[in-house]
Number of protein chains: 2
Amino acid sequence: MTRYENLATLLAERIEQGLYRHGEKLPSVRNLSQEHGVSISTVQQAYQVLENLQLITPQPRSGYFVAPRKAKPPVPAISRPVQRPVDVTQWDEVLTLLDARSDKEMLNFGGGAPDISQPTLKPLWREMARLVQHNQCDILSYDALQGRRELREQISRLMVDGGTVVDPEDIVITNGCHGALSIALLSVCKPGDIVAVESPSYYGTMQLLRGFGIKVMEIPTDPETGISIEALELALEQWPIKGVILVPSCSNPQGSIMPDARKKAILALAQRHDIVIFEDDIYGELVTDYPRPRTIKSFDIDGRVLLCSSFTKSVAPGLRVGWIVPGRYRDRVLHMKYAAIGSTVPTNQLAMAAFIRDGHYHRHIRRMRQFYQQHLETYTCWIRQYFPCGICVTRPKGGYMLWVELPEGVDMICVSRQLCRLKIQTAPGSLFSASGKYRNCLRINCALPLTERYREAIAKLGEAIHIAMEES
Amino acid sequence: MTRYENLATLLAERIEQGLYRHGEKLPSVRNLSQEHGVSISTVQQAYQVLENLQLITPQPRSGYFVAPRKAKPPVPAISRPVQRPVDVTQWDEVLTLLDARSDKEMLNFGGGAPDISQPTLKPLWREMARLVQHNQCDILSYDALQGRRELREQISRLMVDGGTVVDPEDIVITNGCHGALSIALLSVCKPGDIVAVESPSYYGTMQLLRGFGIKVMEIPTDPETGISIEALELALEQWPIKGVILVPSCSNPQGSIMPDARKKAILALAQRHDIVIFEDDIYGELVTDYPRPRTIKSFDIDGRVLLCSSFTKSVAPGLRVGWIVPGRYRDRVLHMKYAAIGSTVPTNQLAMAAFIRDGHYHRHIRRMRQFYQQHLETYTCWIRQYFPCGICVTRPKGGYMLWVELPEGVDMICVSRQLCRLKIQTAPGSLFSASGKYRNCLRINCALPLTERYREAIAKLGEAIHIAMEES
């Protein structure tokens, strides 16, 4: 972050904590500049950021004042999905969302892409350029089935942060986290099996289950603490469920973080019912608090957790570098990797291995955590400002997604279609349910820039929702 | 090819055609040099190549003479696999072969890697370096689900050479041909289905079928003209076969090419029995004769052929760029691509698109055709020289694989294990059969260099086979 961004974040926190009260006059530009040892223009830029966020208002010839604020919208309640296994629907809607990726004019609030414009990624370029110049043989040859050893060693080091101690031999490189989940599921399940998921749950995972003919049992989930263990237990008693897909460290779309006690409880439950846990840790490194939460895998003693992750959200989607820690399913996972894709691209694996080894990854991830935190705050402010009253908004503790719940009766699929014409893409909530629930919800990608253009888009989105609410 | 290689090939052809007879004296170095307008040392180098191939023998103070030659070993007979659907076995043996890729000291005659040391690949590097420097956003972003449009346009142009006219919208980019076949099979078949294959057939395809729980019906196949249509018809009448996997343009491992009439006949058969054809065209561009053979897809009128291919053999395996032309299964293939891997790596797609667009691909492929033809000839000579009598060897019309059939009773799995200790890796024939047939066969990768080290390895291989034959 630049100096002025740092200062703006600090001031925003003080306002949030009530150290500066609503209506109170803020320190003068000159005073702040002296207090923090920064230039006048840095303070002016910081105040400009806060003004854009509508946290402060300027008054001619008097300075800046803390703005009066709407109350924070409440967090959505625990979900109540259908309590039986269902087939996933909505592929056409997901395809529309995926196609929007190629439309360069579209403001894509619906997609899951991270920010890839940070200077902390530069060493990754340098490494790629070096590989192209000096390691042509490595780059052009078949990769080892398990993936490059150099990279597996680095991943094994990184995973210690989440409490997961794993040998590089027990890591299998995949084509992104999506490819990891796909291989994990193919290794354990067959068509007709039932798998439990959090509800709402990432549409990519849902469509993956649909592709393989697996039925989905949606489990009530709390937007702050994750899946309901009680509801899962009830489901396990009633249905022959094969496994459960969990995103315990910053879920998608709600950003929930499962407390350690609940992680242990769910593992004990899995053991009692002899089911498999597919742990999706793709956002785990983007949890705001440091140190990052422990993985369920870190408590796993009998190898029933298949941990899936990737650098798609933490570094860049185009790398397509993910991995599985397959536990007791290692042999089967290796075979299914061979069946599903053969081997993976070596270049990006080698580049990532060097990026981590030389300390650039940690520098980058520290920056991105702050970056996304600021983005989440700003987008939350914009939503508070432009969206009608009577909505609920999540308060994720990491990642860069917001989940907005509108009153029942508002149909976000219709609203999304209208917004598409204005070149604004959103992800209607129904994509996050196997049975088409959450039509009145939407997920917003806050990794998008904080410029005027995007603020206006959020304003238009708010307006469309206003109209839809009045009509409903 | 260098001048001396050209000259050596020319002379070898003349010997092969009987223009120089066995025992006849060859022109003097000086005469040849004048006749072909090349230097004395070029002629000397060419003669050295022919001497290494044991096509000619030097006689002190008299010059070079055409060497007496063993008779060409016959081509193997049409195969006779088990005539019922079976489950694929031998995964552990395939895994051993795959693991050998990472052993840099191993002379890997068992793998399928092409030669990647040619200077005609240089423009591919330049393009990659350019992308890393100037297209960082493209490289780091999610790819379109279908793959980069630029590349699909170039592939659609290339495919005209095989008579296949296809719109870029009807091409789906995959992670290599292996990934293409995998998605094609997942799109059409479910566990328990039966799929017919040529016999012998590539072990990767077999293990893919095993992974997805698909049973295999091996069909008798001729090493020159491909699968027996009569035998396939008989099988279709007896079993509920879902589809057939064919490699009609230079099969793996035997290098057969199916004549156009048979391609049409098999398509008609597929229509009558309403089955799907999975056409694997990975070696199609490496057929020696120009223009390359037509694809079955080029005769397809009702979209029942799913053509799968890649640049793995024609350019480089590390690219992992393949594609499907899915015909009537387009929607299902797109969904299964999303389920199986999400999206593919953009960098290599963009680099390949530019490589083709700027004419470098055609230059490279012309070179590789000649290169592999020469390698096949030389390796055939070496085998003739070092292997015992009583063997059969294929005469592939493209690609770079030789299939050697030894007398019944020789167990190539045992021989392979012994050779591994000498750092020589071979592919025992049983890997190419679902039911472990062809234990007395092996496949040899002739893309490997023509140096003394590799000649010695073939000699050791021959010696091991000699001993095994005596013991059997």
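Every chain is numbered from 1, with letters handed out A, B, ... down the list of sequences.
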Under 4.5 Å from a heavy atom of chain B, the part of A:L121 involved: side chain
Which atom of A:L208 lies closest to which atom of B:A339, heavy atoms considered: CG-O, 3.4 Å
Residue B:V321 versus chain A: region with a heavy atom under 4.5 Å: neither
Toward chain B, the part of A:I183 with a non-hydrogen atom under 4.5 Å: neither
B:L185 portion near chain A, given a 4.5 angstrom heavy-atom threshold: neither
Residue, of A:I139, A:L181, A:V315, that accumulates the most heavy atom pairs under 4.5 Å with chain B: A:I139
Proximity breakdown for A:L98 and chain B, heavy-atom pairs closer than 4.5 Å: side chain
Choice from A:A180, A:P346, A:G213, A:A340 maximising heavy atom contacts with chain B below 4.5 Å: A:A340
Residues which pass side chain to side chain contact (heavy atoms under 4.5 Å, CB included) with A:A434, listed by chain and number, not counting sequence neighbours: A:V86, A:V88, A:M206, A:V216, A:E218
Evaluation steps, side chain to side chain contact (heavy atoms under 4.5 Å, CB included), between A:L319 and B:V345: CA-CA 6 Å; A:L319 296 173; B:V345 175; over 6 Å; no
Minimum heavy-atom distance between A:I116 and B:C137, given as atom pair plus value: CD1-O, 3.9 Å
Quick check - list every chain B-chain A donor-acceptor pair under 3.5 angstrom, one line each.
residue : atom : partner : partner atom : Å
B:R101  : NH1  : A:D143  : O            : 3.0
B:K104  : NZ   : A:D138  : OD1          : 3.4
B:W125  : NE1  : A:Q136  : OE1          : 3.3
B:Q136  : OE1  : A:W125  : NE1          : 3.3
B:D138  : OD1  : A:K104  : NZ           : 3.4
B:L140  : O    : A:G318  : N            : 2.7
B:Y142  : OH   : A:K313  : NZ           : 3.0
B:D143  : O    : A:R101  : NH1          : 3.0
B:N175  : ND2  : A:I341  : O            : 3.0
B:N175  : ND2  : A:S343  : O            : 2.9
B:H178  : NE2  : A:Y338  : O            : 2.5
B:S182  : OG   : A:A339  : O            : 3.3
B:S182  : OG   : A:A340  : O            : 2.9
B:Q207  : O    : A:H335  : NE2          : 3.2
B:Q207  : OE1  : A:H335  : NE2          : 3.3
B:K313  : NZ   : A:Y142  : OH           : 3.0
B:G318  : N    : A:L140  : O            : 2.7
B:R320  : NE   : A:S343  : O            : 3.0
B:H335  : NE2  : A:Q207  : O            : 3.2
B:H335  : NE2  : A:Q207  : OE1          : 3.3
B:Y338  : O    : A:H178  : NE2          : 2.5
B:A339  : O    : A:S182  : OG           : 3.3
B:A340  : O    : A:S182  : OG           : 2.9
B:I341  : O    : A:N175  : ND2          : 3.0
B:S343  : O    : A:N175  : ND2          : 2.8
B:S343  : O    : A:R320  : NE           : 3.0

